[in-house]
Amino acid sequence: MNGILAQLQSQAAWEEFLAHRLMKGRFTWPEFDDADSYVAGGKYLKAAGDFASGLGPGIPRRMSVNKMGTGKKRVVYSFDDDSTRALKLLAHLLYKYDSFFAPNLYSFRRGLRAGDAIFELRMRLGGQPVWAYKLDIHDYFNSISIPILLPILKGVLADDPPLYAFFERMLTDGRAMVDGEIVTCSRGVMAGTPTAPFLADVYLSEVDRHFASKGIVYARYSDDIILFAPDRASLEVCKTELLGFLERYQLEVNPSKEKIYEPGEAFEFLGFKCLGGAVDISEATKLKMKGKIRRAARSLERWRHRKGLDAVYAMKGLIRTFNNKFFDDADPGALSWSRWFFPVINRSDGLREIDRYLQQYIRYLGSGRHAKVNYRLRYPELKALGYRSLVHEYYLYRKASATE
């Protein structure tokens, strides 16, 4: 079976996919057992047959969900369970086309991570004082123009016409289920669906190759882009070129996340703050995490009062919530907060600041107010409730990494 759609009907392809995810730690054992039973029972054949015959994945559900750390909403799409499973395998098989992308693209690529972008940028900059321009594209996945994307995608998938035809049908459908009603809307590549990251990488591939060919220090992670120049005039030329590309691709810049960095100023990218050889957590990341802590604590305080529970229940709830967010020990393959930051940062100031902020709100839940009396609850007592310090865990990670 040569074409990717044909491979969706192959039990061997499904078993290889499950083995890959298991080896990468992307399954808990109950999840693996469920997926293994699904494949062993041939339950994938219906969706795989629909994909190959032209029926496609059907009509997705359109939802508004909370955007992480902001309290704002974002639009995501999801297909039924069988179609989603098939699209996950399809996304896995699309790594066949990874060589199409420029080396300055870091999002959703096998063997690459956000930290690799930071390492590469630091190496190429060599500690030299430079100018930088960073931007974020507003609602990128859902704003992608399908008429512009399709000719690019046709070139990428030139060796697999049935696969291109599948994407053409899926992307031009335009229907979505909203509150039980079928509506027609502009869906882009449908944020939240398994193949959206690949399509989003394809869409701006010309931009990535343009700056790579010119030797510009540049990096893209999906909708986040940063580039560097030795002087302000050169930076303005690059900025104009980049904005020209985005205008041609009918994309809008998020003005609140657009910034020029001067020489000697720490630049921020992908949640990291870099200055010379120092890499820490960015100011924006700290503010976002503090907002999550504050909102979670206030919600738990209201819940405790409604239920008439002892404060210790709310304190343990806050600790458990952020232990899961920071460390997620239950899922070794999850992209938890510590797994994103610990391998890259070499400073712990940001971690210490977040530690202090979380401790403050754990103590707040103990008394229901912010007051000096809260500090009667000492650090060992916080640990007894299950609290884990980011700084402590970071240095344990560093020590373990040094001995590997």
In the structure I gave you, are the side-chain heavy atoms of Tyr313 and Arg304 within less than 4.5 Å of one another anywhere?
no

Do the side chain of Gln128 and the main chain of Leu125 share a donor and acceptor less than 3.5 angstrom apart?
no

Who are the ring-ring contact (aromatic ring centres under 6.0 Å, His included) partners of Phe322, not counting sequence neighbours?
Phe326

Please list all pairs meeting side-chain hydrogen bond (donor to acceptor under 3.5 Å, both in side chains) that have one or both residues in residues 267-280, counting only residues at least two apart or in different chains.
Lys273-Glu283

Would you check if Arg298 and Tyr361 make a side-chain contact, meaning some heavy-atom pair closer than 4.5 Å?
yes

Can you confirm whether more than 12 heavy atoms, excluding those of Lys43, are under 6.0 Å from its NZ atom?
no

Within a strict 4.5 Å, meaning less than it, do heavy atoms of the Leu235 and Val130 side chains meet?
no

Run the numbers on Leu87 and Phe51 for side chain to side chain contact (heavy atoms under 4.5 Å, CB included), then give the verdict.
CA-CA 9 Å; Leu87 286 171; Phe51 282 22; 3.8 Å; yes

Check: Asp98 main-chain N/O paired with Arg109 side-chain donor or acceptor under 3.5 Å
yes

Residue set satisfying ring-ring contact (aromatic ring centres under 6.0 Å, His included) with His305, at least two apart, ordered chain then number -> none

From the options Tyr133, Phe211, Phe267, select the one residue that forms a ring pair (Phe, Tyr, Trp, His ring centres under 6.0 Å) with Phe228.
Phe267

Between Arg175 and Asp173, is the closest basic N to carboxylate O distance under 4.0 Å?
yes

Hey, does the side chain of Ser205 reach the backbone of Val202 with a donor-acceptor pair shorter than 3.5 angstrom?
yes

Could you check whether Arg294 makes a cation-pi contact with Tyr357, meaning its NZ or CZ is under 6.0 Å from the centre of the six-membered ring and within 45° of the ring axis?
no

For Tyr95, all residues meeting side chain to side chain donor-acceptor pair (under 3.5 Å), sequence neighbours excluded
none

More than 12 heavy atoms of other groups within 6.0 Å of Asp179 CG
no

Rounded at 0.5 Å granularity, tell me how far CG in Leu90 sits from CG in Leu93.
6.5 Å

For Phe342 versus Tyr397, what's the shortest heavy-atom pair and its separation?
O-CE2, 3.5 Å

Who passes side chain to side chain donor-acceptor pair (under 3.5 Å) against Arg302, sequence neighbours left out?
none

Would you indicate whether the side-chain heavy atoms of Gln360 and Tyr364 approach each other to under 4.5 Å?
no

Quick one: list whatever passes ring-ring contact (aromatic ring centres under 6.0 Å, His included) with Tyr97, sequence neighbours left out.
none

Under 3.5 Å donor-acceptor, Trp14 side chain and Leu8 backbone
yes

With a 6.0 Å cut-off (strictly less than), is the heavy-atom count around CD of Glu252, excluding the residue itself, greater than 12?
no

Does any donor atom in the side chain of Glu120 or Tyr106 lie under 3.5 Å from an acceptor atom in the other side chain?
no

Please evaluate residues Ser348 and Tyr395 with respect to the criterion side-chain hydrogen bond (donor to acceptor under 3.5 Å, both in side chains), reporting the C-alpha separation (whole Å), side-chain torsions for both, the decisive distance (0.1 Å), and the verdict.
CA-CA 9 Å; Ser348 59; Tyr395 283 108; 3.1 Å; yes

Lys259 atom NZ, neighbour heavy-atom count above 12 within 6.0 Å
yes

Would you please test Glu206 and Arg248 for side chain to side chain contact (heavy atoms under 4.5 Å, CB included) and show each step?
CA-CA 12 Å; Glu206 178 192 8; Arg248 181 151 59 87; 3.4 Å; yes

Hey, is CZ on Arg122 packed in by over 12 heavy atoms from elsewhere, all under 6.0 Å?
yes

For Arg398, the side chain to side chain donor-acceptor pair (under 3.5 Å) test, sequence neighbours excluded, returns Tyr394

What residues form a salt bridge (Lys or Arg N to Asp or Glu O under 4.0 Å) with Glu236, not counting sequence neighbours?
Arg232

Between Gln11 and Tyr44, is a side chain to side chain contact (heavy atoms under 4.5 Å, CB included) present by the stated rule, with each step listed?
CA-CA 9 Å; Gln11 183 166 336; Tyr44 60 88; 3.2 Å; yes

Could you tell me whether a side-chain N or O of Arg169 sits under 3.5 Å from a main-chain N or O of Gly54, the two making a donor and an acceptor?
yes

Would one find more than 12 heavy atoms of other residues, nucleotides or ligands at under 6.0 Å from atom CD of Glu247?
no

Does Tyr379 reach the side chain of Ser389, with side-chain heavy atoms less than 4.5 Å apart?
yes

Taking only residues two or more places apart in sequence or in another chain, which ones pass ring-ring contact (aromatic ring centres under 6.0 Å, His included) with His138?
none

Partners of Thr321 by side chain to side chain donor-acceptor pair (under 3.5 Å), sequence neighbours excluded?
none

For the residue pair Arg85 and Tyr38, would you count it as a cation-pi contact if the rule is NZ or CZ under 6.0 angstrom from the ring centre and within 45 degrees of the ring axis?
yes

With sequence neighbours excluded, residues passing side chain to side chain contact (heavy atoms under 4.5 Å, CB included) with Lys316
Val312, Arg320, Leu385

Listing request: all side-chain hydrogen bond (donor to acceptor under 3.5 Å, both in side chains) pairs with a residue in residues 181-203, at least two apart in sequence or in separate chains.
Ser107-Asp201

Mind checking whether Leu243 and Leu135 have side chains closer than 4.5 Å, heavy atoms only?
yes

Does Phe119 reach the side chain of Arg113, with side-chain heavy atoms less than 4.5 Å apart?
yes

Euclidean distance, Arg124 CZ relative to Tyr218 OH, rounded to 0.5 Å
12.0 Å

Do Leu204 and Leu251 have side-chain heavy atoms sitting under 4.5 Å apart?
yes

Counting distance only, does the side-chain N/O of Asp208 pair as donor-acceptor with the main-chain N or O of Arg220 below 3.5 Å?
no

Return yes if some donor-acceptor pair links the side-chain N/O of Asp223 with the main-chain N/O of Asp136 below 3.5 Å, else return no.
no

Distance only, no hydrogens: is a donor on one side chain within 3.5 Å (strictly under) of an acceptor on the other, for Tyr140 and Ser222?
no

Separation of Ile319 CD1 from Asn324 CG (nearest 0.5 Å):
12.0 Å

Between Tyr164 and Phe167, ring centroids under 6.0 Å:
no

Which word best sums up how the rings of Phe198 and Phe101 line up, parallel for under 30°, tilted for 30 to 60°, or perpendicular for over 60°?
perpendicular

Value rounded to 0.5 Å, distance of NE2 in His20 from NE2 in His92
5.5 Å

Which value, rounded to the nearest 0.5 Å, describes the distance between Leu351 atom CG and Leu390 atom CG?
5.5 Å

So CD1 of Ile137 and OG of Ser143: to nearest 0.5 Å the spacing works out to 9.0 Å

So does Glu353 pair up with Lys290, basic N to acidic O under 4.0 Å?
yes

